[in-house]
Amino acid sequence: MNPVSDLGAIGYLLFWGLTAVAAGIFLYRGVQLLRYISLGRGNGQATPGIRRGLAAIFNIIVQECQWKNLTHRDRAGVGHAFMFWGFILFVIYYFLFIVIASGFGIYETMEHNSFYVVYAWITDIIAPFIVIGAVWCILRRYIGRPKRLEGQLTWEALIILITVLIHPITHVGKIAAQIAAGSPPAGLSLATPPLSTAVANLYDGATSIEAWHAAWFWSHWVFVLLVLAIIGYTRYLHVIVAIINDLIRSAPPKGMVSLIDLKNPATFGVSRVDNFTQRDLLDIQACVVCGYCQENCPANLTEKPLNPLLIVRDVKANLLSNAPVLLKKQEPSLELIGGEREGSISEDAIWACTTCGACMEVCPVYIEHVPKIVEMRRDLVQMRAKFPEELLNLFENSEQRSNPWGIAPADRAKWAANIDAQPFEADKTEYLFYVGCAGAFDSRERHVSLAITRILDAAGVSWGILGREEKCCGDSLRRLGNEFVYDRMARENIAQFQEMGITKIITECPHCFSTLKNDYRQYGMELDVVHHTEFINRLLKEGRLKLNGGSNGLGNVVFHDSCYLGRHNEIYQAPREAVAAVTGKAPTEMERHHNKALCCGAGGGRMWMEESLGKRINIARVEEALKEAPATICVSCPYCMVMFEDGLKDKDADERVQVLDLAEIVAGALE
Amino acid sequence: MLVVACVKQVPDTTQVMIDPETGTLIREGVPFIVNPFDTHALEESLRLKDKYGFRVAAISMGPPNTEVTLKKALSLGADEVVLLSDRVFGGADTLATSRVLAEAVRRLGEKDEVFMVICGKQTIDGDTAQVGPGIASRLGYSQLTLVDQISDVDLRAKTVVVRRKLEGRHEIVEARLPAVLTVVREINRPRYPTVPMRLMSEEAEVILWDNKVMQLDEETIGLRGSPTQVRRIFSPERVKGEILGDGLNKPEEAAHILIDNLLERDIISL
């Protein structure tokens, strides 16, 4: 039975005609999107090799797409996993047994063999799972209404899920009719697939099984073609783009922004959608509006105008709206920054980002939100000089005195006035202790600097400081989009490191750590940078520190992850192990921890800005910490220190809860 | 229609130390910055440009490295910058300085009518606040010091209305143009340069006027034209205060003692 050849020439005309229309729409949209994406500028990223490509596909199939989905806490992924495997297996089926077998009239060759029967078994088994998956997702979406989907319950998702639902049903109907008619696979010696066989019994007594079969076949194929046609217009697109995203996503840490090229003003910032890189315009095409980013974003959680999901939606809408005009080299009408309509992003949203990376961490299709936000900040700062007024002082101070507060650089070594701190000399000292601005100038953080030196001395580590010659690493400026000044500061630091023969660096601040380690690598500067928590843990493991074994008045220690240590550099265990070494047990976790930890609110240059919109992030985080009844909150970053101490004061809890850096906890427990 | 902003490059005084033995400033390694008050003078000139369409010229007298300061003015939007630099200008007091600056303004006025000269109220190194008024006297312009707001400029009638910030009060005055204004920091928030403007200014040439151009009598300028001479610079000795009350154990009582003392000395009033 072949419903195509049964109709003769008309059948083939109909089959290939419909197929060509659908494929045409698919290709038309594909080419259109590629032209739109090509409006972006190249970012000089090397094309990934075959090895990377295979790794990405393996990653999608085995780890990311399915295993992680099956174990995800809200179980949405169970439904997705069923649909995913169904999709893969059915696509193979369509190609072999519909396009080739029916389309070319060689169904007898294709179907009269045991492979076909085996494959019919496979689709027979997976079909009910797809139905379960789709129904599960519809129920979850429209009955359960998870919070993360707030505001995102659209018709589009329902249409997609219904098309998913229809495929296995029409497929089983078709195979069942085949079996009822005694056509293969029934004609072979192998047992027939169970579900289809059961359904085949329903045809008992029916006179027109062939008509039934044709009806199922055509309706099935029309729905397949419908999906093919709408892929490029709907979230179905993620099935293609997610794989490409995985393939071309930047090497860790996620969300690095590129350097500026002073000879190319197009790199100074993004004010128009075509200033984005092609990679930026591509990755957003994969968005499935799952809402994970918005439920993990500290700004969105505290009622600020930033929602990473809407950033993606608006950039995409802006591209679709402006691309036709841009392709004609005309000025687009829909502004990217500051407009009111969908497709425009408010300045408040752009400035609300803490660059904590929580959105990128949870995005299942590897969209990188943060670089897009930083690129738009760059435009505001570098091309328009338009930014929250508090930042003027930060920018001027950083440029003139190489610290955020504008304190005289001569005072940089004052924190070490009462200790024996050697100046770094390549032959005499092994490590540079890069104290950072907070460690040198902030009165509270200076205690942490001193604690670190006590630990280093106790372990007999050879270290030196730059003292008055140390300069700011430039982290805040870079995250705030002032790349021009950051670039100068970074180059100055690199020149100094090279001149002095500095290669091994211990940093106090995770922001210095990540900047020196990752951002400076963009200049070809490979440094052996270690954050103090990692280094201290190493010393503890090597047995180079003797602890007193007492409780040291710490009580219940709650640990807070710094974003630039955790998410950005995947250092989660070292500080926890060090706490455990002191207290004898692992620190207490908050509800959000490790890669899901909530930012303290100070990253991305937010430290230097007023937080006038919504609830304050540090209060939200302190409230989470207080739920665990801490006596001590352990931090590992000067920003977190300030944010927690301020937050505890606000909650009137500063009397009963202390905030300590890990270095202080360990130094306090030294014998 | 020209507004002239006078800017000075000064050592970053927060980083200057005085040699305890010789009593002189240790200038070595101290970075230079634009005199903070002058950044507000420049900003106000640029705002007048934005509002009324003036051209803005920034001028500075100083050693050749003052170029950096003038380039910063260019990067912020000044249309023209002139560096007044010559060995014979060196060592000048406020009188001799105002003579050079006034001559420069006069020369700029030959090409384009000068409506206003705007200076910072004082510099952070000299702290005299005399150069602005000096320029006004030399040129015979109206003199408006301590301005914290330019309320109105009447281009036809050639008048300006400004608000002056005086101790405990404001004064709104109208003056005929051309006028010299000295401004306080409250007048505005300086803008920030864009990257394209920075790059443009780095490429730009700064016009240099030495005394061959200026043709001033060497007896009236520089060290020779300066009636004031610096004899000695020193840090005033601070008399160590006494500790009143017991702030550690009885903070409230200590606070009362402090308030009483401040009242007694008329530093605060109720």
Side-chain angles (χ1 to χ4, degrees), chain A residues 259-271 275 375 377-403 405-414 441 467-469 471 477-478 480-488 492 608, chain B residues 7-20 25-40 42-43 46-47 49-50 65 68-69 71-78 124-125 185-204 235:
Chain A
L259 294 174
I260 55 169
D261 175 5
L262 292 181
K263 291 187 193 78
N264 179 8
T267 67
F268 292 179
V270 170
S271 64
N275 297 142
E375 284 282 4
R377 285 180 172 184
R378 280 187 185 176
D379 178 72
L380 290 171
V381 172
Q382 303 195 133
M383 299 301 283
R384 311 190 203 185
K386 207 171 169 209
F387 43 78
E389 60 178 30
E390 313 87 91
L391 293 180
L392 184 68
N393 278 336
L394 172 77
F395 290 165
E396 296 283 6
N397 290 337
S398 300
E399 192 170 355
Q400 282 169 14
R401 296 180 187 160
S402 203
N403 70 76
W405 300 278
I407 301 170
D411 292 352
R412 237 187 215 277
K414 274 192 179 169
F441 294 117
R468 294 172 59 159
E469 303 304 317
K471 293 181 177 71
L477 292 195
R478 182 157 223 221
L480 286 167
N482 199 337
E483 183 76 6
F484 182 82
V485 176
Y486 158 78
D487 183 69
R488 290 193 168 175
E492 260 183 53
W608 317 107
Chain B
V7 291
K8 185 182 182 189
Q9 180 166 295
V10 295
D12 187 350
T13 47
T14 58
Q15 302 188 43
V16 170
M17 276 175 295
I18 293 171
D19 189 323
L25 294 176
I26 306 173
R27 290 215 168 204
E28 235 167 85
V30 177
F32 288 97
I33 58 170
V34 184
N35 178 41
F37 295 102
D38 298 350
T39 62
H40 296 270
L42 179 63
E43 174 63 28
L46 296 170
R47 288 185 186 198
K49 171 182 169 176
D50 294 343
N65 69 15
V68 182
T69 286
K71 285 193 169 178
K72 175 137 200 214
L74 275 178
S75 76
L76 291 168
I124 57 164
D125 57 348
R185 297 181 89 151
E186 292 82 347
I187 192 167
N188 56 38
R189 280 185 82 89
R191 66 192 65 190
Y192 194 69
T194 65
V195 170
M197 289 291 274
R198 277 186 198 247
L199 295 174
M200 178 278 294
S201 71
E202 278 171 17
E203 300 282 304
S235 306

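Every value quoted in this text rests on a predicted model; they were computed, and no experiment measured them. We name chains A, B, ... by the order of the sequence lines, and we start the count at 1 in each one.
- With salt bridges taken as basic N to acidic carboxylate O contacts below 4.0 Å, one links A:E396 and B:K72.
- Residue contact with chain B, scored on non-hydrogen atoms closer than 4.5 Å, is absent for A:E483.
- Of all non-hydrogen atoms in A:Q382 and B:P196, the two that sit nearest each other are O-CD, 3.5 Å.
- Looking only at distances, no side-chain donor or acceptor of B:R191 sits under 3.5 Å from a matching main-chain atom of A:A385.
- A:R378 places none of its side-chain heavy atoms less than 4.5 Å from the side chain of B:V195.
- In this structure, A:R468 places its CZ atom where only 12 or fewer heavy-atom neighbours from other residues, nucleotides or ligands lie under 6.0 Å away.
- For A:N482, the part lying near chain B is the side chain, with the backbone staying farther off; criterion is any non-hydrogen pair under 4.5 Å.
- Between B:Y192 and A:F387, the two ring planes are perpendicular [angle over 60°; tilted spans 30° to 60°].
- Heavy-atom contacts from other residues, nucleotides or ligands closer than 6.0 Å to CD of B:E203 number 12 or fewer.
- Two residues are said to be in side-chain contact when any heavy atoms from C-beta on lie closer than 4.5 Å; A:L392 and B:R189 meet this criterion.
- The heavy-atom pair separating B:L199 from A:L262 by the smallest distance is CD1-O, 3.7 Å.
- Under 4.0 Å is where a charged nitrogen must lie from a carboxylate oxygen, and between B:R198 and A:E399 at least one such pair does.
- With a 6.0 Å radius and a threshold of 12 heavy atoms from other residues, nucleotides or ligands, A:K414 has its NZ atom at or below the threshold.
- The side-chain heavy atoms of B:T194 and A:F484, taken from C-beta on, include no pair separated by under 4.5 Å.
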